[in-house]
Number of protein chains: 2
Amino acid sequence: MNVMNESPRRKELTRQAAQLFVQEGFDRTTVRMLAQEMGIKSGSLFHHFRDKQEILAAVIEEGTQNALIIAREALARCDSSASARLHAMARAHLETLLTDRSAHVVALYDWRRLDPEARAHLSHLRDAYEALWEQVIDAALAEGLIHGDRFLVSRFVMGALNWTVRWYDPEGPRTPDELADELVAMITRSGSAD
Amino acid sequence: MNVMNESPRRKELTRQAAQLFVQEGFDRTTVRMLAQEMGIKSGSLFHHFRDKQEILAAVIEEGTQNALIIAREALARCDSSASARLHAMARAHLETLLTDRSAHVVALYDWRRLDPEARAHLSHLRDAYEALWEQVIDAALAEGLIHGDRFLVSRFVMGALNWTVRWYDPEGPRTPDELADELVAMITRSGSAD
DNA sequence: CGTTTACACTAGCGCTTGCTTGGTTGACCC
DNA sequence: GGGTCAACCAAGCAAGCGCTAGTGTAAACG
């Protein structure tokens, strides 16, 4: 068993598990299905992961880590105006939602299947990510770009964005960046869309 | 087995099933748990429902029907101004999300567990509900109350509202109506939320 | 060379799952 | 007072579940 996270082999297996989890849901995915997808037998799976739950935790951790990295890079890449940072965060959010779609869908649907320890660990990661949002929204409020309650606004915005995994079609006419810009336009009063 | 929907007994059982489903999730809820919650033995369950999936469909149907009724009543009760109708829809949406919380949480999380026939049937119900929203949003766009793409705006708004089931605490300081009004304020340009 | 390590295998244990079968009960009905 | 019917029960089947134990093997290391 691999105690610490992220041997290269384990990382690849995690990626494949994510695909199956999003197709079937965590509960409906059996260790035998996972093993077959990975090209090994079900017993061999437990050389890499202590149990089934640990696979779930690995999948979610991977996705959340990436979200944090992408958001931080996006913020570092833009100037300090509230508007630019708001756009950057929204775009970054949708970018992760697309590139790590599997992991995020799993996180949204199967979060409660995590055991308490894993949940505590991943909650910290998620809180760090949400803190970025609240910070950007605070700045936008201070500049008068948006109005309302800091807590509610960030919840509403993240809700609207996360909900996109339920209806957004990457093959469709709209790019993720267009979505992000439209959302920001909607909540800023300057909102003269198109 | 009860072929048509809604004998009084079946309705009560459906209500109890909803509670368990939201606690455990559909997959994790066994027919034995359901039976115990209902005060009967697991075998007797199949006198009322053909199989486990039919219980899920009954739960979701109940919730969606109520959402439709409440929204229609709310619209009938207010004047024809776009602003009033927007507020009414948002409030109605959060009202159902609270009073039929179990059913809606189940619908959000376990929709994909429905078999194709049930899904087709319930999709129609859901589409009827969403049509109400799009109609109200069309009117708000026409009046210049909000701006942007009709499709995107309605998706964003419903996302923000549905997401509340993940964080809203009914025991907390905010009433559902306050939430609804704050959201409407956020997306209308008149939004001077104190 | 011998030892270690990573990865995989076979075989199956103990348990739970959704659901079926065949039968019992008690209230209602002409 | 025989017939009907919804509601329930006891018992259990066949399948599938997560996971373990013990073993094989080939590359890496000293």
Side-chain angles (χ1 to χ4, degrees), chain A residues 1-21 23-60 106 109-110 112-119, chain B residues 1-21 23-60 106 109-110 112-119:
Chain A
M1 173 195 7
N2 218 316
V3 186
M4 255 320 280
N5 238 353
E6 315 313 315
S7 81
R9 179 77 177 125
R10 183 174 150 131
K11 204 156 189 171
E12 167 65 9
L13 297 181
T14 301
R15 212 185 46 79
Q16 290 178 296
Q19 280 189 299
L20 253 183
F21 282 158
Q23 248 177 62
E24 305 286 328
F26 176 72
D27 290 321
R28 285 287 240 270
T29 306
T30 69
V31 293
R32 286 165 179 83
M33 292 163 69
L34 286 165
Q36 187 172 18
E37 182 85 1
M38 296 165 176
I40 58 180
K41 300 295 175 182
S42 70
S44 314
L45 225 164
F46 296 92
H47 170 71
H48 302 278
F49 303 92
R50 196 183 327 149
D51 53 24
K52 197 186 161 194
Q53 290 225 40
E54 199 177 273
I55 311 180
L56 176 64
V59 166
I60 296 183
V106 172
Y109 278 99
D110 293 316
R112 16 172 217 179
R113 299 303 172 216
L114 293 167
D115 56 47
E117 310 145 46
R119 195 185 329 225
Chain B
M1 172 194 13
N2 219 316
V3 187
M4 254 322 277
N5 238 353
E6 314 315 314
S7 82
R9 179 73 177 129
R10 182 173 152 132
K11 204 156 190 170
E12 168 63 10
L13 296 181
T14 301
R15 214 186 45 80
Q16 289 177 297
Q19 279 189 299
L20 254 184
F21 282 159
Q23 247 177 62
E24 305 286 328
F26 176 72
D27 290 322
R28 281 292 231 289
T29 306
T30 69
V31 293
R32 285 166 181 81
M33 293 163 68
L34 286 165
Q36 188 172 17
E37 182 85 1
M38 296 166 177
I40 59 179
K41 300 295 175 181
S42 71
S44 314
L45 226 164
F46 296 92
H47 171 70
H48 301 279
F49 303 91
R50 196 181 331 149
D51 53 25
K52 196 185 161 196
Q53 290 224 39
E54 199 177 274
I55 311 180
L56 176 64
V59 166
I60 296 183
V106 171
Y109 278 99
D110 294 316
R112 20 174 211 175
R113 300 302 171 216
L114 293 167
D115 57 46
E117 309 145 47
R119 192 182 335 221

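Below, chain A is the first sequence line, B the second, and so on; all start at residue 1.
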(message) Rounded to whole Å, how long is the line connecting atom CG of A:Asp115 with atom P of D:dG18?
(response) 16 Å
(message) According to side chain to side chain donor-acceptor pair (under 3.5 Å), who are the partners of B:Arg28, at least two apart in sequence or on a separate chain?
(response) A:Asp27
(request) Tell me, please, which residues at least two apart from B:Ala17 pass side-chain contact (heavy atoms from CB on, under 4.5 Å). (result) B:Phe21, B:Leu34, B:Met38, B:Ile55, B:Val59
(request) Would you kindly give the CG-to-C1' distance between B:Leu45 and C:dT21, to the nearest whole Å? (result) 16 Å
(request) Not counting sequence neighbours, which residues clear side chain to side chain donor-acceptor pair (under 3.5 Å) with B:Arg112? List them please. (result) none
(message) What's the closest nucleotide to the side chain of A:Phe46 if the choices are C:dA6, D:dC8, D:dC19?
(response) D:dC19
(message) Does the structure place the NZ or CZ of B:Lys52 under 6.0 Å from the centre of the six-membered ring of B:Phe26, at an angle of no more than 45° from the ring's axis?
(response) yes
(message) Please report the distance, rounded to the nearest Å, between NE2 in A:His47 and P in D:dT25.
(response) 17 Å
(message) Under the rule for side chain to side chain donor-acceptor pair (under 3.5 Å), what residues qualify as partners of A:Glu12, not counting sequence neighbours?
(response) A:Arg15
(request) With sequence neighbours left out, write down each residue that passes side chain to side chain donor-acceptor pair (under 3.5 Å) with A:Arg32, or none if nothing qualifies. (result) none
(request) Ignoring backbone atoms, test whether B:Arg9 places a side-chain nitrogen or oxygen under 4.0 Å from the OP1 or OP2 oxygen of D:dC8. (result) yes
(request) Write down the distance between CZ (A:Phe49) and P (C:dA8), rounded to a whole number of angstrom. (result) 11 Å
(request) May I have the distance from B:Lys52 (atom NZ) to C:dT17 (atom P), rounded to whole angstrom? (result) 9 Å
(message) Quick check on contacts: within residues 31-44 of chain B, what sits under 4.0 Å from DNA chain C by heavy-atom distance?
(response) B:Val31, B:Arg32, B:Ser42, B:Gly43
(request) Let me know the distance between CZ of B:Arg50 and P of C:dC19, rounded to the nearest Å. (result) 11 Å
(request) Measure from CZ on B:Arg28 to P on D:dC17 and round the result to the nearest Å. (result) 14 Å
